[in-house]
Amino acid sequence: MTSFVFPPSPRASIAVSGSAERFPVRRVFCVGRNYAAHAREMGKDPEREPPFFFTKPADAVCDAGGTIPYPPLTENLHFEMELVVAIGHGGADISPDKSEAHIWGYGAGIDLTRRDLQQQAKDMGRPWDWAKGFDLSGPVAPLVPATRIGHPTKGRIALSVNGEIRQDADLSSQIWPVRDVVSLCSRSVKLAPGDLIFTGTPAGVGAVGPGDLLEGTIEGIAEIAITIGPRA
Ligand code: MN
């Protein structure tokens, strides 16, 4: 048995819908620009850009339902409502038609983004980590097993701020559907049980501040709510 110089940090995990068991998180991958209208609002041409990935630290994800402090170093905190895929069986070079066999379940997540730091990073050719991977930057609602809901490829994905709808789209408008996202990710890295993939956000992203209530829904899958708290 391995002996550590101090007790290792607890494993990051996310609640499972209708269960006391939790989903242990290994790695967190995120797709950039997977809805054409969002790519356009970010100043990009969705016809010309292949999908790309970035990551968040495993312990940046957290259970939704509570309050997330407004993070430091930003004046422009954005929400990005996303379908989250939870990997249950690992593998490399997974073909799109085999992807579903690797998926344990699905959830609703919000890819919180320090948009001003992201813009600086883009302008200066620097990494996105500080914009995307801050503490508590990935709240995820209780995950739902595919054994219960199957593998949805369509359904409304929407987010409101203080009751006002800000994002409203359909999963079927993803440029790269889940089966392709899992396949593409697995060509670059070997996926393993516990990996989460945030599959991109539709148009309508925007800034929020302390006291704002964010409520998201993905039809037939999950609902998510968080409140932005005072500055950390
Ligand atoms: Mn995102």
Side-chain angles (χ1 to χ4, degrees), residues 12 14 25 27-46 49-62 64 68 71 74 76-87 106-122 126-141 143 155-161 166-178 180-182 184-185 188-189 195-208 212 214-218 221-222 224-226 228:
I14 291 295
V25 176
R27 294 182 184 170
V28 182
F29 305 101
C30 308
V31 183
R33 300 182 202 119
N34 199 18
Y35 294 79
H38 173 64
R40 286 188 206 100
E41 79 179 348
M42 300 306 286
K44 300 295 176 184
D45 179 353
E49 300 238 340
F52 65 93
F53 291 85
F54 59 92
T55 61
K56 289 177 187 276
D59 64 355
V61 299
C62 59
I68 291 181
T74 184
N76 197 16
L77 176 67
H78 272 212
F79 54 82
E80 296 188 354
M81 177 68 194
E82 309 203 2
L83 172 68
V84 176
V85 174
I87 298 295
Y106 297 88
I110 302 177
D111 168 16
L112 290 171
T113 302
R114 296 193 281 206
R115 193 71 74 199
D116 42 2
L117 295 195
Q118 186 191 34
Q119 190 58 53
Q120 282 174 25
K122 289 179 181 177
R126 289 177 177 170
W128 284 12
D129 302 47
W130 257 210
K132 291 289 195 178
F134 55 91
D135 295 340
L136 307 177
S137 59
V140 177
L143 297 170
R156 183 178 184 235
I157 176 170
L159 182 137
S160 67
V161 179
R166 302 287 290 277
Q167 296 188 279
D168 197 349
D170 196 280
L171 293 177
S172 61
S173 61
Q174 288 191 328
I175 299 170
W176 302 90
V178 165
D180 290 327
V181 167
V182 171
L184 288 160
C185 193
S188 183
V189 292
D195 290 346
L196 296 177
I197 307 176
F198 283 64
T199 61
T201 196
V205 300
V208 284
D212 285 340
L214 284 61
E215 296 172 293
T217 182
I218 304 179
I221 298 180
I224 183 170
I226 60 166
I228 304 298

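The structure displayed is predicted, hence computed values, not measured ones. Both counts, for ligands and for their atoms, begin at 1 and track the order of listing.
Every residue meeting the side-chain hydrogen bond (donor to acceptor under 3.5 Å, both in side chains) condition with E80, not counting sequence neighbours, appears here in chain and number order: R115, K132.
Ion pair K56/D111 flagged as a salt bridge, since at least one NZ, NE, NH1 or NH2 atom sits closer than 4.0 Å to an Asp/Glu carboxylate oxygen.
Closest of all the heavy-atom pairs between A108 and M81 is CB-CE, 3.8 Å.
A distance below 6.0 Å separates the ring centres of W128 and F52.
Sorted by chain and number, the protein atoms of type N, O or S within less than 2.8 Å of the Mn ion (ligand 1) are E80 OE1, E82 OE2, D111 OD2.
T74 and N76 form no side-chain donor-acceptor contact under 3.5 Å, judged by distance and modelled atom types alone. In this model, no donor atom of one side chain and acceptor atom of the other lie less than 3.5 Å apart for T199 and N34.
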